[in-house]
Amino acid sequence: MIATLARSKRLAQQPPVSRNAGDKRYRILETQMKRHQFKQDALIEVLHKAQELFGFLDNDLMTFVAQQLKLPPSRVFGVATFYHFFNLKPKGAHSCVVCMGTACYVKGADKVVAALERYAGIRAGDTTPDGKFSLATARCIGACGIAPAVVYDGVVTARQTPETSLAMVKGWLEHGS
């Protein structure tokens, strides 16, 4: 909580963001905000578009959105950190999301996460230093009948074990495929 407050305070103290004039993504984002008439209640839609355009929401981008929508940066940061579908760091070339819902957890999802963390050398929520692989967990993906479920690059896969999940990820990390 203290770290979150400190970060939002740093965001508020930043000078106005000077966007890269040659970066068309900012113009597209401004068009999106204009479409919503720069209304503050369009924040989530604007953040979705920003993430779609940039891949993740960094401090400068959140400050830019805050300035354009005339919102305190703490509000933008609060929304971005509250909802799990927003990324504050770049994602890897490949992603793995392990469902940690009750059915998946009971059937061994925690062991899948532990095996992936050990093998990749990262914690859930992080990306490998080479940018090849991101590991995440989800509260529930709604696939209880096929527990434990893991989503590899957007594809839901049923009845995963530490061994099957490692077999999938090893190719990504060793060969970069």
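Given the structure is predicted, the values throughout are model-derived calculations rather than measurements.
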Open item on the list: Give me the atom names and distance for the closest heavy-atom approach of K89 to G125.
Closed with: NZ-O, 3.5 Å
- [ ] Measure across P162 and V112 and return the closest heavy-atom pair with its distance rounded to 0.1 Å.
- [x] N-CG2, 3.8 Å
TODO: Could I get the full list of side chain to side chain contact (heavy atoms under 4.5 Å, CB included) partners for D130, not counting sequence neighbours?
DONE: T128, K132
Task: All ring pair (Phe, Tyr, Trp, His ring centres under 6.0 Å) counterparts of F54, not counting sequence neighbours - done: Y26
- [ ] Using a strict 4.0 Å threshold on nitrogen-to-oxygen distance, state whether R27 and E30 make a salt bridge.
- [x] no
Task: Salt-bridge contact R25-D23 (side-chain N to carboxylate O under 4.0 Å) - done: yes
- [ ] Check whether any side-chain heavy atom of F86 sits under 4.5 Å from a side-chain heavy atom of T81, and report yes or no.
- [x] no
Task: 4.5 Å side-chain heavy-atom contact, D58 and L88 - done: no
Open item on the list: I'd like to know if the side chain of Q51 and the backbone of F85 have a donor-acceptor N/O pair within less than 3.5 Å.
Closed with: yes
- [ ] Say whether, by atom type as modelled, one donor and one acceptor occur between the side chain of E117 and the main chain of A124 under 3.5 angstrom.
- [x] yes
- [ ] Could you tell me the separation between the CE atom of M168 and the CG atom of D153, rounded to the nearest 0.5 Å?
- [x] 7.0 Å
Open item on the list: Applying side chain to side chain donor-acceptor pair (under 3.5 Å), can you list everything that pairs with T164, at least two apart in sequence or on another chain?
Closed with: Q160, T161
Open item on the list: Tell me whether the count of non-hydrogen atoms from other residues, nucleotides or ligands lying under 6.0 Å of OH in Y83 goes above 12.
Closed with: no
Task: Candidates D126, T127, V98, V97 - the one meeting side chain to side chain contact (heavy atoms under 4.5 Å, CB included) with L135 - done: V98
Open item on the list: Can you classify the ring geometry of W172 versus Y152 as parallel (below 30°), tilted (30 to 60°) or perpendicular (above 60°)?
Closed with: perpendicular
